[in-house]
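Only one structure is covered here, and it is reproduced in the block below.
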Amino acid sequence: MTLLSFFRRTPRVSSAQTAKERLQILLAHERQDRSGPDYLPLLQKEILEVIRKYIQVPGEKVEVKLQRGAEMSTLEIDIELPGAQTLNSKRAVPSPAFAR
Amino acid sequence: MAKIIVVTSGKGGVGKTTSTAALGAGLAMRGKKTVVIDFDVGLRNLDMIMGCERRVVFDFINVIQGEAKLHQALIKDRRLENLSILPTSQTRDKDALTREGVEKVLNELRNDFDYIICDSPAGIERGAHLAMYFADEAVVVTNPEVSSVRDSDRVLGLLSSKTRRAEKGEEPVKPHLLLTRYDPARVAKGDMMKVEDVLEILSIPLLGIIPESPTVLKASNIGTPVVFDKTSNAGAAYADAVSRLMGEQIEMRVLGPERRGFLQRLLWRTA
Ligand SMILES: Nc1ncnc2c1ncn2[C@@H]1O[C@H](COP(=O)(O)OP(=O)(O)O)[C@@H](O)[C@H]1O
Ligand SMILES: [Mg+2]
């Protein structure tokens, strides 16, 4: 123990506490990722590829969720697009659909 | 009709084989007809930990491939009449293990034993998958350390989705947490996660807490499962876990490693 650390009596977080907190955050994500069926990550990737043909979507702003119910299941696709201004001014990739 | 229990973890070197040997021997001591099976094809460790490596003639893979009968490959333990070992092969490729083959062997064993304990290889590949596939219960061996806890969580996900019970929509595989290599002194210093921390994260019932203990290495040196040494803390902790596995309610103890006092150490050395 150095003289400095003797005087600096700030309550230190133990490394075990840090381990626990890191695990809690990480596992919350990993559990969500594997809660859906196996094809969901691939579906998400392909949907993003199709959308990118027409619109530039920044980052990984697509979320695909499958909810299973007894009566009915829903597939929810949530895509975050850039705001209207950026969308118009961007003159994104020319899409084949509009190339008449 | 035997209960099939897989001893699994994801991560390697956490104590699966040590625990398989100790739980298997412990159950046999309590009068349960028990067989331990080595699923770690290519590495083959269980026979050494059980101390029967020189008696291996045929193995699990020979039986699956129809080259030997099951009774020819099963080794009866010389210390405990209720205990048998089904060793694995060291040389052959991992594809030798097939789901149909494993199922056939397990079905045959089911009629003759009370417990079938499957020692899983590390990882989440074929061997680990087949070791857990037919399980009724799972002992998830975990060290109080970040990568081990993370891998255990992953394995719990696989147990609830990639097993026969999950696929058939039957009652799920019953998980048990076995916390091993636990060091109360380091926990007290804040250098190691507490039992409660790991339990809070994984939230499955606790089967036992096995202390970090030099006796484990000594036991493996001589090929005697550590549960034979009831005076050691690790042996006593495994004996407790065995009771819980059998459904008994016994109080959870946090045992430390054996720390001999100065005088004892002196006597030990001169003994
Ligand atoms: N409670 C313990 N205390 C001290 N060493 C242990 C303990 N449990 C396991 N070990 C050691 O850890 C190593 C790996 O154990 P092993 O059972 O082979 O792990 P796995 O089968 O999960 O790979 C071995 O050297 C073993 O002696
Ligand atoms: Mg092993």
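These numbers come from the heavy atoms of this one structure, side chains and all, not from hydrogens, waters or symmetry mates. A note on names: the letters A, B, ... follow the listed sequences, proteins ahead of strands, and every chain is numbered from 1. It should be emphasised that the depicted structure is a prediction, and the values quoted were computed from it without experimental measurement.
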Quiz prompt | Test side-chain contact (heavy atoms from CB on, under 4.5 Å) applied to A:Q24 and B:E200, step by step | solution = CA-CA 9 Å; A:Q24 280 171 324; B:E200 192 186 326; 3.2 Å; yes
Quiz item: Between B:M193 and A:L23, does a side-chain contact (heavy atoms from CB on, under 4.5 Å) hold up when you go through it step by step?
Solution: CA-CA 11 Å; B:M193 279 184 281; A:L23 276 168; 3.7 Å; yes
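Interface with chain A: from residues 145-155 of chain B, residues B:V146, B:V149, B:R150, B:D153, B:R154 qualify, criterion being any non-hydrogen pair under 4.5 Å.
Environment of CD in B:E248: crowded, with over 12 heavy atoms of neighbouring residues, nucleotides or ligands closer than 6.0 Å. Remark: B:K194 NZ is loosely packed, at most 12 non-hydrogen atoms of other residues, nucleotides or ligands lying under 6.0 Å away. Counted within 6.0 Å of CD on A:E49, heavy atoms from surrounding residues, nucleotides or ligands total more than 12; the atom is thus considered enclosed.
Rounding to the nearest 0.5 Å gives a distance of 10.0 Å between CD of A:E21 and CD1 of B:I201. Within the model, atoms OG of A:S15 and CE of B:M192 stand 10.0 Å from one another, a figure rounded to the nearest 0.5 Å.
Applying the salt bridge (charged side-chain N to carboxylate O under 4.0 Å, His left out) definition to pairs two or more places apart or across chains, those involving residues 127-137 of chain B are B:K3-B:E137, B:R110-B:D136, B:D136-B:R165.
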